[in-house]
Amino acid sequence: MDKVHKLITDRWSPRAFDDRAVDYDKIHLLFEAAKWAPSSRNAQPWRFIFATKEMSDYKVFIDLMSEVNQQWASTAPLLVMPLAQVISTYKNRPNRLAFFEAGMAVGNLLAQATAMDLMVHQMSGYDHERAKETLVIPTRYEPMTIMAIGYKGEPAKLPSDVAAWEQRERTRMEISKFLVQGKCK
Ligand SMILES: Cc1cc2nc3c(=O)[nH]c(=O)nc-3n(C[C@H](O)[C@H](O)[C@H](O)COP(=O)(O)O)c2cc1C
C-alpha cells in the first residue's frame, strides 16, 4: 500500500448529522473496537458515558456544551463522553499516560465509526467541572471530550454561519514541522 488508508482519510469532523438513529449493534461495535486498544499493563484506563437522543441524559450532555457547540451537536443522535482513569487502581498511583491510553481507545472507536459510515465530531468546548458534578464522575477519572456521533446530514439544515464552517478546507502542518531527528533543540 502506497497511500494512507481510507479509514484515516475518510474521517473528518462534521457539524450536520442526519436524524437517523445509530442502531444498538453499531453502538456496541464502537465500544468493542475501543476495548481492543493497547494500554500499559493492560490496565485499560478508560470509561465511556453514552446517551442516545431518546435518553434523558442526552439533554444533560447538551446542557454542558458551549452555546456554539450546542448549535450543531444537538443534531447528532448519539453523544459519548470518554473518561481517562488518571489515578490507577494499582496502588492508587497517578497514571501520567492515562489520556494517551484512553486516546488510543478513542482512536480505535474513530476507525470503527468510519468503517461503518458513522461520523464523529469531538468537542472540548463544554463545562468539565460541571460535567464531573452532574454526571457524578469519580475523582479517579477525568472527562476528555464529548463526541457527537451519527450519519452525515445536510449542512443546509444548520444556521448559515455554522454551515459555512462545514465547507472549510481541511489543513494540516507539513510532516517536516513535527518530525525531528535526534535532539529537539
Ligand atoms: C480534543 C478535541 C477537542 C475539540 N473541540 C472542539 C470543539 O469544542 N468544537 C468544535 O467545533 N470542534 C472541536 N474539535 C474538532 C476539531 O476542530 C477538528 O478535529 C480539527 O479542526 C480537525 O478537523 P477534522 O477532524 O475534520 O480533521 C475538537 C477536536 C478534538 C480532538
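Every number for a ligand or one of its atoms is a count from 1 in the order of the listing. As a basis for the values below, the full set of heavy atoms in this structure was taken, side chains included, without hydrogen atoms, waters or symmetry mates. It should be emphasised that the depicted structure is a prediction, and the values quoted were computed from it without experimental measurement.
Ion pairing between Lys35 and Glu32 holds under the 4.0 Å rule for side-chain N and carboxylate O. With salt bridges taken as basic N to acidic carboxylate O contacts below 4.0 Å, one links Glu129 and Lys132.
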Please report, to 0.1 Å, the donor-acceptor pairs under 3.5 Å made by any side chain of residues 102-120, with sequence neighbours excluded.
unit_1 : atom_1 : unit_2 : atom_2 : d
Asn108 : ND2    : Ala33  : O      : 2.9
Thr114 : OG1    : Leu110 : O      : 2.8

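Within 4.0 Å of ligand 1, contacts by protein heavy atoms are made from Arg11, Trp12, Ser13, Arg15, Asn69, Trp72, His121, Gln122, Met123, Ser124, Gly125, Thr145, Arg170, Arg172.
Gln44 and Asn42 are linked by a side-chain donor-acceptor pair at a separation below 3.5 angstrom, with hydrogens and angles left out of the test. A donor atom on one side chain and an acceptor atom on the other are found under 3.5 Å apart for Arg47 and Tyr141.
A donor-acceptor distance shorter than 3.5 angstrom exists from the side chain of Asp127 to the backbone of Arg130, with no hydrogens or angles considered.
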